[in-house]
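So the structure is just underneath, and the comments pick up after that.
Chain naming here is simple, since letters A, B, ... match the order of the sequence lines and numbering starts at 1 in each. Heavy-atom basis, side chains included; hydrogens, waters and symmetry copies ignored. If you're wondering where the values come from, they're calculated on a predicted model, not measured in any experiment.
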Amino acid sequence: MSKRYWLMKSEPAAYGWDRLARDGGTVWDGVRNHTAKLNLQAMKVGDQAFFYHSVTGKEIVGVVEITRAGMADPKDDTGIWAAVEIKPVRTLERPVTLAEIKADPALKDIELVRQSRLSVAEIRPKEWDRILSMAKA
DNA sequence: GCCAACGTTGGC
DNA sequence: GCCAACGTTGGC
């Protein structure tokens with residue numbers, strides 16, 4: 001199966017990009033939404049994801065890679081919820097803001113905008129490439 | 001099983 | 001601080 005792309009949201013006040021870069025990787029747990037859980041469970045080792053700062057910033061700041069997939073959420077006693085392990089791959093040369101994404105017709109169907117509350121979303125390969133090219137501009 | 005009420009998230 | 005979107009809960 002070919003590589004898929006994702007987007008993971010975090011409030012910088014709770015766990016930001018700087019923290020992830022300093023930690024060198026982390027277990028992505030605590031997700032309590034079923035759609036997001038399905039996305040976590042669909043992830044494979046080697047898949048990549050954008051790291052998005054919600055609330056403060058509202059921008060994509062970096063790229064992460066899934067280093068461990070199909071985990072149970074270690075903080076969950078019920079066995080319902082899922083987790084993955086991620087590591088930072090690189091910081092974007094320039095963050096891509098939500099405003100820019102919304103303004104771009106090529107990204108009008110992106111899940112980040114269509115379902116703004118979803119904390120773990122899939123990114124289509126075309127959208128992935130588009131956002132990467134915006135980060136270089 | 002339906003739906004109104006309520007809680008939470010996150011953008012504005 | 002407000003509100004829209006969505007999920008969950010509880011009465012019927």
So does A:Lys102 get a side-chain nitrogen or oxygen closer than 4.0 Å to the phosphate oxygens (OP1/OP2) of B:dC12?
yes
Whole angstrom is fine here: how far is it from CZ in A:Arg32 over to P in C:dT9?
14 Å
Rounded to whole Å, the CD-C1' distance (A:Glu111 to B:dG10) equals 16 Å
Walk me through whether A:Trp28 and A:Phe51 qualify under ring-ring contact (aromatic ring centres under 6.0 Å, His included).
CA-CA 12 Å; A:Trp28 206 249; A:Phe51 195 86; 5.6 Å; yes
Which part of the nucleic acid, if any, lies within reach of A:Arg114 when heavy atoms closer than 4.0 Å are counted: base, sugar-phosphate only, or nothing?
sugar-phosphate
Sugar-phosphate, base or nothing in reach of A:Leu118, heavy atoms under 4.0 Å:
nothing
Atom pair distance, as rounded to whole Å: NZ in A:Lys9 and P in C:dA5:
14 Å
Atom NE2 of A:His34 to atom P of B:dT9: distance rounded to whole Å?
14 Å
Of the candidates C:dG7, B:dG11, C:dC6, the side chain of A:Arg117 sits closest to C:dC6
Check this for me: does any side-chain nitrogen of one of A:Glu127 and A:Arg124 sit under 4.0 Å from a carboxylate oxygen of the other?
yes
Nearest whole angstrom, please: distance from the C1' of B:dG11 to the CD1 of A:Ile60.
15 Å
Strictly below 4.0 Å, N to O, side chains only: are A:Arg32 and A:Asp73 in salt-bridge contact?
yes
For A:Tyr52 and B:dG11, give me the distance from atom OH to atom C1', rounded to whole Å.
8 Å
What's the NZ-P distance between A:Lys58 and B:dG10, to the nearest Å?
12 Å
Rounded to the nearest angstrom, tell me the gap between atom CG in A:Asn33 and atom C1' in B:dT9.
10 Å
Can you establish whether the number of heavy atoms outside A:Lys37 located under 6.0 Å from its atom NZ is more than 12?
yes
